[in-house]
Amino acid sequence: MPELPEVETVCRGLRPAMVGLRLTRVDQRRADLRFPFPAGFQDRLEGRRVTAIDRRAKYILIRLEDGWTWLVHLGMSGRFTVGPGGIASSGQAGHNSGWALGEKHDHVVVELESGARVTYNDARRFGYMDLIPPNGEATSSHLINLGPEPLSEAFNADQFSQAIQGKRTPIKSALLDQRLVAGLGNIYVCEALWRAGISPKRSAHTVAGRRATRLVPAVKDVLTAAIAAGGSSLRDYVQATGELGYFQHSWDAYDREGDPCRRPDCDGQMVRIVQSGRSSYYCPRHQR
DNA sequence: CTTGGGTCCTGTGCGC
DNA sequence: TGCGCACAGGACCCAA
């Protein structure tokens with residue numbers, strides 16, 4: 001799924017199509033994604049005007065005029081597409097059959113008063129949606145345990161050193177733990193550790209201090225660069241505007257098993273290991 | 001409390 | 001060409 005840069009990119013694509021406009025029709029086509037849709041989902045959204053779209057970690061927060069928030073998590077394969085009503089352009093070059101009936105796995109289709117249509121598609125259904133009542137954000141179970149936004153001042157070497165104090169888990173796992181810092185996923189953790197020269201296997205508590213002062217800027221830099229590129233596009237993943245992010249061409253670590261390390265003056269070779277069931281890519285030569 | 005592993009689901013790419 | 005397996009951007013839930 002999408003990690004923070006992809007979710008940010010999706011938000012930026014949705015805003016021009018949705019903010020300030022009323023949702024004229026909401027079509028929920030199945031009872032559940034990863035979790036059941038909340039009771040009254042369609043009725044709560046239909047007829048409401050969207051006032052803003054925010055992002056918190058990997059969550060999309062669509063603000064409605066009545067104070068409710070439509071929360072969306074994309075899971076691994078969730079995606080939004082924006083198209084004109086009726087015709088609904090896909091942005092998926094090469095195959096656009098079946099548009100009148102919708103693509104396979106189109107689970108939620110929203111029409112706006114502009115005539116535009118916003119479609120949520122999710123093949124694996126690891127994504128989910130929920131409704132947060134007015135003033136309910138501080139107590140929302142989805143958001144309450146999240147760590148700081150990695151691009152905010154709240155995420156800094158002191159804070160992160162504190163957060164990983166005494167943690168025996170590998171630094172790779174610590175960076176994926178949304179309670180310590182919220183928004184990173186498998187790709188950008190690999191990239192940040194490569195940039196910081198830290199092995200994904202290193203025990204988290206040994207990163208506190210000196211190494212944290214390298215790691216924190218590496219995290220911020222890679223996320224900033226990825227957002228600027230519109231995120232990473234895997235397979236036919238498209239952002240809300242229908243355009244392709246291109247940061248996958250800038251990966252230095254992820255999916256580069258057997259390839260030469262790209263760090264200047266390093267003659268290492270990238271390897272792949274499995275940690276907690278997930279692939280880690282790193283250079284054993286300079287990542288220690 | 002922390003930590004590791006299994007699990008949900010569908011699609012794709014690879015080796016045979 | 002078909003088949004079976006490994007693997008895929010996440011994170012919850014439970015056992016130890």
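Each chain gets a letter, A, B and so on, in the order its sequence line appears, and its residues count up from 1.
- When Watson-Crick and G-U wobble pairs are counted only if both distances are under 3.5 Å, C:dG9 pairs with no nucleotide at all.
- The residues A:R22 and A:E65 are annotated as salt-bridged, a charged nitrogen and a carboxylate oxygen being separated by less than 4.0 angstrom.
- Nucleotides B:dC9 and C:dC3, compared at atom P, are 23 Å apart to the nearest Å.
- C:dG9 and B:dT3 have their P atoms separated by 23 Å, with the value rounded to a whole Å.
- Applying the Watson-Crick and G-U wobble criteria (two distances, each under 3.5 Å), B:dC9 pairs with nothing in any strand.
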Within the 4.0 Å limit for protein heavy atoms, which parts of nucleotides 2-7 of chain B are touched? Write it as a string from 5' to 3', B for base, S for sugar-phosphate only, - for none.
SSS---

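- Side-chain proximity of A:K58 to the nucleotides B:dG11, C:dG9, C:dA11 is greatest for C:dA11.
- With salt bridges taken as basic N to acidic carboxylate O contacts below 4.0 Å, none links A:E137 and A:R56.
- Between C:dA11 and A:Q178, a contact under 4.0 Å exists linking OP1 or OP2 to a side-chain N or O.
- The separation between A:Q248 atom CD and C:dG9 atom C1' is 12 Å, rounded to whole Å.
- Distances were taken from every side-chain heavy atom of A:Y128 (C-beta onward) to each of C:dC12, C:dC7, C:dG10; the shortest belongs to C:dC12.
- Note: CZ (A:F35) to P (C:dC12) measures 7 Å, nearest angstrom.
- Distance CD (A:E3) to P (C:dG9): 8 Å, rounded to an integer number of Å.
- Separating the CG atom of A:D177 from the P atom of C:dA11 is a distance of 10 Å, rounded to the nearest angstrom.
- In the interface, the side chain of A:R124 is paired with the base of C:dA8 through a donor and an acceptor atom under 3.5 Å apart.
- Rounded to whole angstrom, the span from the CZ atom of A:R79 across to the P atom of B:dT10 amounts to 15 Å.
- In this entry the distance linking CG of A:L71 with C1' of C:dG10 reads 14 Å, nearest Å.
- Of the possible donor and acceptor atoms, one in the side chain of A:T9 sits under 3.5 Å from a partner among the backbone N and O of A:P5.
- Side-chain heavy atoms closer than 4.5 Å link hydrophobic residues (I, L, V, M, F, W, Y) into clusters, and following such links, possibly through other members, connects A:V19 to A:V72.
- Candidate nucleotides C:dC12, C:dA8, C:dG10 were compared by shortest atom distance to the side chain of A:Y281, and C:dA8 ranks first.
- Looking at the side chain of A:A123, the nearest of the listed nucleotides B:dG11, C:dG10, C:dC7 is B:dG11.
- When the P atom of C:dG10 is taken as reference, atom CG of A:L74 falls 11 Å away, rounded to whole Å.
- A:D32 has no carboxylate O lying under 4.0 Å from a charged side-chain N of A:R34, or vice versa, which leaves the two without a salt bridge.
- Within the 4.5 Å cutoff, the side chain of A:L14 has no heavy atoms near those of the A:C11 side chain.
- Nucleotide C:dA8 holds its C1' atom 10 Å from the CH2 atom of A:W251, rounded to whole Å.
- The nearest heavy atom of DNA chain C to A:V274 and to A:R278 marks one nucleotide each, and the one closer to the 5' end goes with A:V274.
- Stacking between A:F126 and C:dG10 is present: the aromatic ring centre lies within less than 5.5 angstrom of the base six-membered ring centre, and the two planes differ by under 30 degrees.
- Each of C:dG10, B:dT10, C:dC12 was ranked by its minimum atom distance to the side chain of A:H105; first place goes to B:dT10.
- Aromatic rings from A:H142 and A:Y128 are positioned such that their centres are separated by under 6.0 Å.
- When distances run from any side-chain atom of A:R125 to the nucleotides C:dG9, B:dT10, C:dA8, the shortest one goes to B:dT10.
- At least one side-chain nitrogen or oxygen of A:S279 sits closer than 4.0 Å to the OP1 or OP2 atom of C:dA8.
- Seen from the ring of A:W68, A:R44 counts as a face-on cation partner, given the 6.0 Å and 45° thresholds.
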